[in-house]
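Data block below; observations after.
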Amino acid sequence: MKEIVLNNKKNGMLMLILTILLYLAAIAGCVFGGMIVSNGGLPILLTISIIWLCIGWIPFCGLKILKPQEALVLTLFGKYMGTLKNEGFYFVNPFCTSTNPAAKTKLGQSNDVDSSNSQKPFSLSFKLEGSSVQMTSNKISLKIMTLSNSRQKINDCLGNPVEIGIAVMWRVVDTAKAVFNVDNYKEYLSLQCDSAVRNIVRIYPYDVAPNVDTTGDGIADDGSLRGSSEVVASRIRQELQEKVADAGLEIIETRITYLAYAPEIAAVMLQRQQASAVVDARKMIVDGAVGMVEMALERLNENHTIELDEERKAAMVSNLLVVLCGNHDVAPIVNTGSLY
């Protein structure tokens, strides 16, 4: 389906004025026609005026008003006639109907959230014999919209369940494909978004893990959901764009809005992270302490300040390590005697 943009229909004001003038002429025709009939004349003018008063409202159905970044897909007896995409006052065939199968679809996204307290400028609702009837505009928004799907629980490449949520910035670029190639382009986008997130997230570990290939080149790398969020979001956007191209949609950007371990393993993973942090900190402390001890022994040997045998060196190393690696302040014990 190829989109046909109708740019030569911006004559709505002219048709509106012409239709109103014809109505006024029909009213005048009824008056003068009645006078002619009463004087014995032919009722041709009266008949034409009455017929126009009965069917003259039909051209009003062809008047269409579009605001910036709005579009209207028109069909005539089931055939696609074209799309109005630019702002203006249009006049089209009065028997053309607008089509938008996703007009009533409500998703968790900008400009599309159903709220009972908010006004609906493009919706008209009324009650008829106790039943509610709602008329919704079939205009298609061409603005950039933000889709925020619900959080998903997905297993990463190591099998750990994680919860992730993303925000997708998208817009309609081909109205014909959006209306006719898929049944409902909003629901289609939402489902494809869930699928793309699941396909990409299962490739990455939550945190950096050894011997994990996330790029598919056969070489282990340091990619992770937590540390490579920009890369993950970019790959989600690319896969999502491939899936929704046939629906006439453009994916502008994707962002990870929420990322965490699933509640059932969150506490265990927190303890694991804490233990890893403690081990890394201890390793750094020990490396620094050993370096300081080595430096102290070298300085003593260079300056010949004191001669230490192996046993005294061992005792000195032990004391220094206890002082430097301890968690609390050391209370020294002064030995005034001999070690022997």
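We count residues from 1, following the sequence as given. Just so we're clear, the structure is a prediction, and the values are computed from it rather than from any experiment.
- Under the side-chain contact (heavy atoms from CB on, under 4.5 Å) test applied with Leu84, the options Leu66, Val73, Thr175, Ile65 reduce to a single match, Leu66.
- When the side chains of ILVMFWY residues are joined at heavy-atom separations under 4.5 Å, either directly or via intervening members, Met15 and Ile58 end up in a single hydrophobic cluster.
- Proximity of a side-chain donor or acceptor of Asn181 to a complementary backbone N or O of Gly248 within less than 3.5 Å is not detected.
- Placement of Leu18 and Leu53 within a single hydrophobic cluster is found when ILVMFWY residues are connected by side-chain heavy-atom separations under 4.5 Å, directly or transitively.
- Residue Phe91 is grouped with residue Phe60 when hydrophobic side chains (ILVMFWY) are merged at heavy-atom distances under 4.5 angstrom, including chains of intermediate members.
- By the neighbour-count criterion of 12 heavy atoms within 6.0 Å, atom CG of Asp213 is densely surrounded, having more than that number from other residues, nucleotides or ligands.
- Linking Ile, Leu, Val, Met, Phe, Trp and Tyr residues whenever their side-chain heavy atoms come within less than 4.5 Å leaves Met295 and Met284 in two separate clusters.
- Under the 30°/60° scheme for interplanar angles, the aromatic rings of Tyr80 and Phe180 are found to stand perpendicular.
- Annotation: side chain of Asp183 is not in contact with side chain of Tyr188 (no heavy-atom distance under 4.5 Å).
- Shortest non-hydrogen contact noted between Thr257 and Ala167 is CG2-CB, 3.6 Å.
- Closest heavy-atom contact between Arg237 and Ile252: CD-O, 3.6 Å.
- Remark: Ile4 CD1 to Leu74 CG distance equals 11.0 Å, nearest 0.5 Å.
- Side-chain N or O atoms of Lys10 include one that pairs as donor or acceptor with a backbone N or O of Glu87 at under 3.5 Å.
- Ile219 contributes atom CD1, which lies 11.5 Å from atom OG1 of Thr214 (distance to the nearest 0.5 angstrom).
- Checking side-chain atoms of Glu163 against main-chain N and O of Ala260 turns up no donor-acceptor pair under 3.5 Å.
- Between Arg255 and Glu230, at least one side-chain N (NZ, or NE/NH1/NH2) sits under 4.0 Å from a carboxylate O, which counts as a salt bridge.
- Contact annotation: the side chain of Leu189 approaches that of Ile251 to within less than 4.5 Å [non-hydrogen atoms, C-beta and beyond].
- Ring pair Trp170/Tyr185 is perpendicular by interplanar angle, where above 60° counts as perpendicular and below 30° as parallel.
- A side-chain contact (heavy atoms from CB on, under 4.5 Å) with Leu259 holds for exactly one of Ile166, Val201, Ile164, Val232; it is Ile164.
- A single hydrophobic cluster is seen to contain both Ile27 and Trp57, as judged by linkage of ILVMFWY side chains at heavy-atom distances under 4.5 Å, directly or through other members.
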_Run Lys139 and Asn100 through side chain to side chain contact (heavy atoms under 4.5 Å, CB included) and show every step you take._
CA-CA 7 Å; Lys139 295 178 182 178; Asn100 183 9; over 6 Å; no

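- Residues Glu250 and Gln241 meet the side-chain proximity criterion, which asks for heavy atoms closer than 4.5 Å.
- Considering CG of Leu21 and CD1 of Ile17, their distance stands at 7.5 Å, rounded to 0.5 Å.
- Taking the side chain as every heavy atom from C-beta outward, Thr75 and Cys96 never approach each other to under 4.5 Å.
- The shortest heavy-atom contact between Val208 and Ser224 is N-CB, 3.7 Å.
- Ser195 OG to Gln152 CD: the interatomic distance, rounded to the nearest 0.5 Å, is 9.0 Å.
- A 4.5 Å side-chain heavy-atom check between Leu72 and Val92 finds every atom pair outside the cut-off.
- Closest heavy-atom contact between Lys153 and Arg198: O-NH1, 3.8 Å.
- Between Lys2 atom NZ and Lys177 atom NZ the span is 10.5 Å, to the nearest 0.5 Å.
- Inter-residue side-chain proximity for Val179 and Ile140 is flagged as met; some heavy-atom pair is nearer than 4.5 Å.
- Considering only heavy atoms from C-beta on, Arg171 stays 4.5 Å or farther from Gln69 through its side chain.
- Minimum heavy-atom separation, Ala178 to Val172: CB-CG1, 4.0 Å.
- Going from atom OH of Tyr206 over to atom SG of Cys157 covers 13.5 Å, rounded to the nearest 0.5 Å.
- Ser234 and Thr254 make their closest contact through N-OG1, 4.4 Å (heavy atoms, listed as atom of the first residue, atom of the second, distance).
- For the pair Met81 and Asn93, the minimum side-chain heavy-atom distance is 4.5 Å or more.
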